[in-house]
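To keep things clear, I will list the structure first and then write my remarks on it.
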Protein chains: 2
Amino acid sequence: MSDPDTLTEALDRAGYHSTAARRVMAELVAAQEGRFKAEDLLVQARRTRRGVGRATIFRSLEIFESLGLVEQVHLPNGEHAFVACERAHHHHVVCTQCGRSQEVGDLGITPIARELVEQRTGYLVDSHRIEFFGLCPECRAATTPQA
Amino acid sequence: MSDPDTLTEALDRAGYHSTAARRVMAELVAAQEGRFKAEDLLVQARRTRRGVGRATIFRSLEIFESLGLVEQVHLPNGEHAFVACERAHHHHVVCTQCGRSQEVGDLGITPIARELVEQRTGYLVDSHRIEFFGLCPECRAATTPQA
DNA sequence: GGCGCGACGATACTCGGTCTCTGTTTAACC
DNA sequence: GGTTAAACAGAGACCGAGTATCGTCGCGCC
Ligand SMILES: [Zn+2]
Ligand SMILES: [Zn+2]
Ligand SMILES: [Zn+2]
Ligand SMILES: [Zn+2]
C-alpha cells in the first residue's frame, strides 16, 4: 500500500465526512509497511503533526476494515495487528521476523474448502480466515547467508 | 471431546505433575461442547468443586495447547476462545450461532498452499491458521425449518 | 453565515491476560 | 515413611488493548 488518496476517496465514496483525523489516518496507514498495531499508529500520529486520539484510531480502523481497506490479523503470539488491503478476496502472509506482509490471492482454496468442509461436517460455511506466517524474502536471505 | 483421562494421560506422558487443579481442568475441558472461553472455565470451576485460580486456568490452557490438546481460535468478532482437539494437523469449523465446533482434516490445503504462497510471494511459510465459521447442522435446520 | 448532525478527543473504565510472590504439593530419593 | 528440591496453585497487583461517555468542534448543507 502507498496511496493515501485511495483511502480518502474510498471514505468519501462511502459517504463518510472528510476530516483532518481521517486524512492523517489515511496517510499513516498508507505509509505502513506490512502489519502494524493500532498502538503503532497512535505513537506515530503523536510524533508527527497534531496527534489523533486513541478512540479515533480504533474508530477509523473499524471503518477501513468495513470497507475492506484494512484487515485484522491474529498473529501467532496472540497479538492483533492490521494490514492494508488492495480489495478482492484474499489472504495474507506475514513475516514473523520483520512484520512485512503481503496479500495472496484466494489460491482457489475458498470454493474447494467450503464445499469439502460442508460435505464432511454438515456445517454451512459463510466465512473463513486464513493466515500464513513465515519469512519474507529479505529475512530469509538474511538468516541463510549463502549456505 | 469427552474423555478427561486422555488429557491427564497426555500431561503425564509429557512429564507434568498430576495436580488437583489440572485434573479439574481436564474434566472441564473434556466436558465442553465446542468452543469455550477461558472465562467460561473459570466460572464453571468456581461453581462446582473448589474453584481453580484464574492464572492456573490460563497456565493449563497454555500447556494443553502446547500439547495439541486444545487450540485457540480467533472468532470473527475478535474474541478468543478454545476448542478441544484430537491431535494431527487439522482446522476447525465453528458455529457462529451456538458455538459448537468440529475439526476438519487438513483438506490437503497445506502443501498446495505452502508451495503456491512461496512461489508467488517468495515467503517461506512455516505455519498457518485456517478457521471456518458458519452454521452447524442443528442451527442450520433450526433457522430453515423446512422450506 | 448559521444549523444540525457527525465526528473528535480526553478521560474513565472494562476486561482479558500476565506477573509476582508466598505457601503448598508433588515426586524422587533415601 | 520421612526429607528435600523443584514444580505448582492461587491471591492479588498489574498491564495494555479496546470501549464508553460526553462535552466540544467541524463538516456539509441550506
Ligand atoms: Zn485474536
Ligand atoms: Zn521479513
Ligand atoms: Zn483442533
Ligand atoms: Zn450451531
Side-chain angles (χ1 to χ4, degrees), chain A residues 7-29 35-67 70-83, chain B residues 7-29 35-67 70-83:
Chain A
L7 295 179
T8 50
E9 276 162 27
L11 284 181
D12 188 41
R13 224 172 305 119
Y16 290 99
H17 284 184
S18 164
T19 70
R22 284 179 188 154
R23 277 186 295 270
V24 173
M25 282 296 294
E27 230 167 278
L28 283 176
V29 169
R35 68 114 230 258
F36 56 91
K37 289 182 290 174
E39 187 66 17
D40 298 338
L41 299 190
L42 183 51
V43 172
Q44 290 173 32
R46 197 136 48 193
R47 199 155 44 207
T48 60
R49 54 204 78 225
R50 124 179 74 278
V52 177
R54 174 205 280 280
T56 303
I57 297 268
F58 283 98
R59 283 189 288 238
S60 306
L61 284 174
E62 194 180 341
I63 293 175
F64 286 157
E65 184 168 29
S66 77
L67 296 179
V70 131
E71 193 168 323
Q72 213 187 17
V73 292
H74 178 90
L75 306 178
N77 64 25
E79 287 184 346
H80 287 168
F82 295 83
V83 287
Chain B
L7 295 178
T8 51
E9 276 163 27
L11 284 180
D12 189 43
R13 223 174 304 120
Y16 288 101
H17 286 185
S18 164
T19 72
R22 283 179 189 156
R23 278 185 294 269
V24 173
M25 282 297 292
E27 230 167 279
L28 282 176
V29 169
R35 68 114 229 258
F36 56 91
K37 289 181 291 173
E39 187 66 16
D40 298 339
L41 298 190
L42 183 51
V43 172
Q44 290 173 32
R46 196 138 48 194
R47 198 153 46 206
T48 60
R49 53 204 78 226
R50 122 180 76 280
V52 178
R54 176 205 279 277
T56 304
I57 298 268
F58 283 99
R59 283 190 288 237
S60 306
L61 285 174
E62 194 179 343
I63 293 175
F64 286 157
E65 184 168 29
S66 78
L67 296 180
V70 131
E71 194 167 322
Q72 213 187 18
V73 292
H74 178 90
L75 305 178
N77 64 25
E79 287 184 346
H80 286 168
F82 295 82
V83 288

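Chain letters run A, B, ... following the sequence lines, proteins first and then strands; every chain starts at 1.
You'll find the side chain of A:L42 stays beyond 4.5 Å of the side chain of A:F58, heavy atoms only. You'll find the side chain of A:L61 reaches within 4.5 Å of the side chain of A:I57, heavy atoms only.
Note on B:G78: nothing from the nucleic acid sits closer than 4.0 angstrom, heavy atoms only.
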Show the atom names and distances, to 0.1 Å, of all donor-acceptor pairs under 3.5 Å that link a side chain in residues 72-82 of chain B to residues at least two apart or in another chain.
{"unit_1": "B:H74", "atom_1": "ND1", "unit_2": "A:H74", "atom_2": "ND1", "d": "2.8"}
{"unit_1": "B:H74", "atom_1": "ND1", "unit_2": "A:H80", "atom_2": "NE2", "d": "3.2"}
{"unit_1": "B:H74", "atom_1": "ND1", "unit_2": "B:H80", "atom_2": "NE2", "d": "3.2"}
{"unit_1": "B:N77", "atom_1": "OD1", "unit_2": "B:E79", "atom_2": "N", "d": "2.8"}
{"unit_1": "B:H80", "atom_1": "NE2", "unit_2": "A:H74", "atom_2": "ND1", "d": "3.2"}
{"unit_1": "B:H80", "atom_1": "NE2", "unit_2": "A:H80", "atom_2": "NE2", "d": "3.0"}

Which donor-acceptor pairs under 3.5 Å do side chains of residues 15-24 of chain A form with protein atoms, sequence neighbours excluded?
{"unit_1": "A:S18", "atom_1": "OG", "unit_2": "A:R23", "atom_2": "NH1", "d": "2.6"}
{"unit_1": "A:T19", "atom_1": "OG1", "unit_2": "A:R22", "atom_2": "N", "d": "3.2"}
{"unit_1": "A:R22", "atom_1": "NH1", "unit_2": "A:H17", "atom_2": "O", "d": "3.0"}

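Atom CD1 in B:I57 sits roughly 13 Å away from atom C1' in C:dG17 (whole-Å rounding). The nearest whole Å value for the distance from the CZ atom in B:R22 to the C1' atom in D:dC8 is 6 Å. Atom CG of B:D40 is separated from atom C1' of C:dC15 by 14 Å (rounded to the nearest Å). Here C:dT18 presents its P atom at 13 Å from CD1 of B:I63, a figure rounded to the nearest Å. Spacing between atom CG of B:L11 and atom P of C:dT26 amounts to 14 Å, rounded to whole angstrom units.
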Along nucleotides 15-30 of chain D, 5' to 3', which nucleotides get a B, which get an S, and which get a -, given that the test is a protein heavy-atom distance under 4.0 Å? --SBBB------SS--
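Considering CG of B:L7 and CG of B:L67, their distance stands at 9.5 Å, rounded to 0.5 Å.
Within 6.0 Å of CD in A:E65 there are more than 12 heavy atoms belonging to other residues, nucleotides or ligands.
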